[in-house]
Amino acid sequence: MKLGETKTEHMPGNKYNGNSSIPTSRLERLLRERELRKSSRASHSNEATDNNLGVSHVEQYLDGALAAQTLDEGWERPDRIPSRQRLLVVANRLPVSAVRRGEESWSLEISAGGLVSALLGVKEFEARWIGWAGVNVPDEAGQRALTKALAEKRCIPVFLDEDIVHQYYNGYCNNILWPLFHYLGLPQEDRLATTRSFQSQFAAYKKANQMFADVVNQHYEEGDVVWCHDYHLMFLPKCLKDYNSKMKVGWFLHTPFPSSEIHRTLPSRSELLRAVLAADLVGFHTYDYARHFVSACTRILGLEGTPEGVEDQGRLTRVAAFPIGIDSDRFIRALEVPQVQEHIRELKERFAGRKVMLGVDRLDMIKGIPQKILAFEKFLEENSSWRDKVVLLQIAVPTRTDVPEYQKLTSQVHEIVGRINGRFGTLTAVPIHHLEVKLLVLQDVDMVVVLILCLSLEDRSLDFHALCALYAVTDVALVTSLRDGMNLVSYEFVACQDSKKGVLILSEFAGAAQSLGAGAILVNPWNITEVAASIGQALNMSAEEREKRHWHNFVHVTTHTAQEWAETFVSELNDTVVEAQLRIRQVPPSLPVNDATEHYLQSNNRLLILGFNATLTEPVDTPGRRGGDQIREMDLKLHPELKETLTALCSDPKTTIVVLSGSGRSVLDDNFGQYNMWLAAENGMFLRFTKGDWMTTMPEHLNMEWVDSVKHVFEYFTERTPRSHFEPRETSLVWNYKYADLEFGKLQARDMLQHLWTGPISNASVDVVQGSRSVEVRAVGVTKGAAIDRILGEIVHSKFISTPIDYVLCIGHFLGKDEDVYTFFEPELPSDTLGAGSRTKVTDTIKHPGERRPPLKLPASRNGSSSKSSQGRTRRPHPNSEKKTNSHVYGNGRRPSPEKVTWNVLDLKGENYFSCTVGRTRTNARYLLGSSDEVVAFLKELASVSSTPS
């Protein structure tokens, strides 16, 4: 990956050196890495030999011979960069099965699974496997002996006791997650009779994941990549990140991920999603599965979905599709082995004059075996001429034979096969053949359907060479999965068909359909008529069309290999970490509480500007519920722990507090009326000291004639968008869809904006401010930063401040449009970039009473009459009422002449200015606080030093 292309000081444990030509973009880095991988594979293409085929190659790989050979050769990437990065592969099961032969004696048998095959040719990483060995080992002596034996195979065991295995693996994984992810739904209560309860299963699931994490942590070295696999370990990324937040963690799901409507039925839905989101990179076989995952995070957790993944408080978890492949060279080379050639010859003799159709599946609920056989029966019914010219070989590997549903499925398949053979065949024997060592034990080949029940793949009853031979002689392969993560049988069939060029009939519900759809005949396995027609199409297809279809799929299978899949995922994971570090540099640091408190204590005239919503409000705890509790959250309430704190801060004569909010005046009155502070409502357009009356700070040229037409639009969309709401304010209008369906809300917002821009506001002087879940229309110039200049003027005159403000604290959860309030006070910015013009002289901000503008024109009310009383309340007081107003606001009944006040309002040094955003990582503020609780804790600290005698 790009580790060699980035600054190594930012990558702990990185063994790569820097490179002078550093790609600047993520895509450039990935493209360069792809070329490097191609070059390295080409330089080692001669290492493969015919003597290292099949399982022997797997054994050699796990024995560490390849690793030793690579290290001895000192293999380097083409650009001379040492390229041995440790990869910890964590899966539920190790690629070996252990059998105990004595107290301290174990025999290990290799399982040539998909993950092993995927990493066979990956020489860029030094892989270690961590997982359960599939056996209970309660004694320490046995554990030590097994650990030592597995170490020789580069495997590290996780020891799970029987109760954990029963509840975690048999219970939560197989009874809850697996059916749900395959759209079979959650089991009913009677199906959980053999387990204690859902809660205990979930507790065991989390405990088992923590046990895996403990083993990973014991063997983790700085710079390692940890790759977690499948639904068994959804909690593992969180466990690992809790241990070490800098650990590179990827998670890949080998099954489908269901739609959000299915996933939301899971009681532990939110916990699982958040645990997976702790990973740096989350991978799926297809884009559909990735899209479902992102949708679940947005709809259930209320997070932001982006084209790159899921974003939460500025942290991005990248989500992408990585279609797995096979080791195609292994299958292609196997066809040249004499043993396979002999199998092919025998099969051709046995099935001479007949077309061979093949199905290879686990005897599982999702594989669609009954649908496949029923479709074949319908084909024979409608095409009598084919009855003695075609045979269907169905290889079925029994799984979970102790589960009643699977026993019922087995009986059903036997019944259908028997019926078909009885109707269309000339059989003299029961058509069930147990496969012992190889496929060629078949005797009664006059059968129409041959059902081969393998004992198990682990028992080697399905010999690899015999399977390759069977693929090679097949004319039509049938894959009718009802729901399948990928289904690599289709890949294996294509890899063995370079000579015959058979036809692949593939279920559209298998993940492989997105990769092999160009050459395969895609079918809906539930539509028996369609599948039967596809069988006829495949059997009657011309040689020219078969070759074209095969070529499309063969190119894909041979280029998108398992090795390419593994290299691409780890490369993307490494780059995701690099990208995350670049993003972190753009996120402001946490507020230095000690420094801010110390400078606060040393200053003489402090100004505290505080937002309200999501800053000083009481948090509403609604775990697992997207959008939260709408009624409680819409009713903004001051955080209960702030009452004494605000009282203490407001009583400090050196401190002036301004609550600057987008909320209306009544909301601020209800929450802050009892404190001695300034309230600035509607983004600072209305201002009052809590002992005085409201006055307006709006510019005199402000035009509000657009309000009525925009209000009608907002009301219309509120009526047509469930759970959205419309907030009419005096200087702006806000439509909020935070609690509505996320996707529908976005569509409605887009439709609304298109209508507004082409209609009501096309010629109006307004700004449209888009929040993450809101649309606000306000007059041009209505921002918190623009209002702060006028607010300062009023505050200076009201308090007769004789010394400049030397400390400013500005904290809020402001929209991007209002973040100009942060830059307004920034001492280090040039004066012409502050956005509010000249702001340092009191004479610039204060208007003489005789210069007051005429009353502000407000829009007519809904009944058509103007709101005179509203005008009288919202504008600045008339000259004849100034004395009464000033007696409340200013205390002495008059204002000083502006000519007498020409000193600078601000004497602010950089170290005395603390701008801080709450919960927003993309900001102009200097610092960051995570939540209103952190704001409360900080203000408590300030209050404690304020009350301490100097």
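When a residue number appears, it is its place in the shown sequence, counting from 1.
- Although no hydrogens or angles enter the test, the distance criterion places a donor-acceptor pair under 3.5 Å between the side chain of Asp475 and the main chain of Val356.
- Annotation: cation-pi geometry not satisfied between Arg93 and Tyr169 (NZ/CZ under 6.0 angstrom from ring centroid, within 45° of ring axis).
- Counting only distance, with no hydrogens or angles, the side chain of Asn527 and the backbone of Glu530 share a donor-acceptor pair below 3.5 Å.
- Under the 3.5 Å distance criterion, with hydrogens and angles disregarded, no donor-acceptor pair is assigned to the side chains of His550 and Gln497.
- The closest donor-acceptor contact from the side chain of Asp463 to the backbone of His465 lies under 3.5 Å.
- Between Leu150 and Trp106 there is no side-chain heavy-atom pair separated by less than 4.5 Å.
- In the model, Glu492 has a side-chain atom that pairs as donor or acceptor with a side-chain atom of Tyr471 under 3.5 Å.
- A salt bridge between Lys372 and Asp361 is present, with a side-chain N of the basic residue lying under 4.0 Å from a carboxylate O of the acidic one.
- The backbone N or O of Met541 sits less than 3.5 Å from a side-chain atom of Arg546, completing a donor-acceptor pair.
- Under 4.0 Å is where a charged nitrogen must lie from a carboxylate oxygen, and between Arg345 and Glu342 at least one such pair does.
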Phe379 vs Leu539, side-chain contact (heavy atoms from CB on, under 4.5 Å): CA-CA, chis, key distance, verdict: CA-CA 11 Å; Phe379 168 76; Leu539 291 174; 3.5 Å; yes

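- Between Arg291 and Asp288 there is a salt bridge, since a side-chain N of the basic residue sits under 4.0 Å from a carboxylate O of the acidic one.
- No more than 12 heavy atoms of other residues, nucleotides or ligands shown are found within 6.0 angstrom of OH on Tyr287.
- The side-chain contact (heavy atoms from CB on, under 4.5 Å) check on Pro256 picks up His182, Tyr289, Arg483, with sequence neighbours excluded.
- Side-chain contact check for Phe493 versus Val360: every heavy-atom pair is 4.5 Å or farther apart.
- Here the side chains of Phe252 and His285 are in contact, with some heavy-atom distance below 4.5 Å.
- No option in Leu335, Thr474, Leu470, Leu467 other than Leu335 meets the side-chain contact (heavy atoms from CB on, under 4.5 Å) test with Cys496.
- Other residues, nucleotides and ligands contribute only 12 or fewer heavy atoms inside 6.0 Å of the CD atom of Glu415.
- The shortest side-chain heavy-atom distance between Val523 and Leu506 does not fall under the 4.5 Å cut-off.
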Can you list the steps and then say if Asp364 with Tyr406 is a side chain to side chain donor-acceptor pair (under 3.5 Å)? CA-CA 7 Å; Asp364 212 332; Tyr406 287 79; 2.9 Å; yes

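- The existence of a salt bridge linking Arg350 and Glu346 is excluded, since no basic side-chain nitrogen approaches an acidic carboxylate oxygen closer than 4.0 Å.
- In this structure, Gln339 places its CD atom where more than 12 heavy-atom neighbours from other residues, nucleotides or ligands lie under 6.0 Å away.
- Phe569 pairs in a ring-ring contact (aromatic ring centres under 6.0 Å, His included) with only one of the listed residues (Trp251, Phe322, Phe284), which is Phe322.
- Heavy atoms of other residues, nucleotides or ligands lying less than 6.0 angstrom from CD of Glu349 number more than 12.
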Please test His229 against His254 for side chain to side chain donor-acceptor pair (under 3.5 Å), starting from the C-alpha separation and ending with a verdict. CA-CA 7 Å; His229 288 271; His254 293 266; 2.9 Å; yes

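- Aromatic ring centres of Tyr205 and His232: separated by at least 6.0 Å.
- For the pair Ser259 and Ser295, the minimum side-chain heavy-atom distance is 4.5 Å or more.
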Report the C-alpha separation of Tyr168 and Asn92 in whole Å, then their side-chain angles, then the decisive distance to 0.1 Å, and conclude whether the side chain to side chain donor-acceptor pair (under 3.5 Å) test is met. CA-CA 11 Å; Tyr168 146 73; Asn92 178 62; 2.6 Å; yes

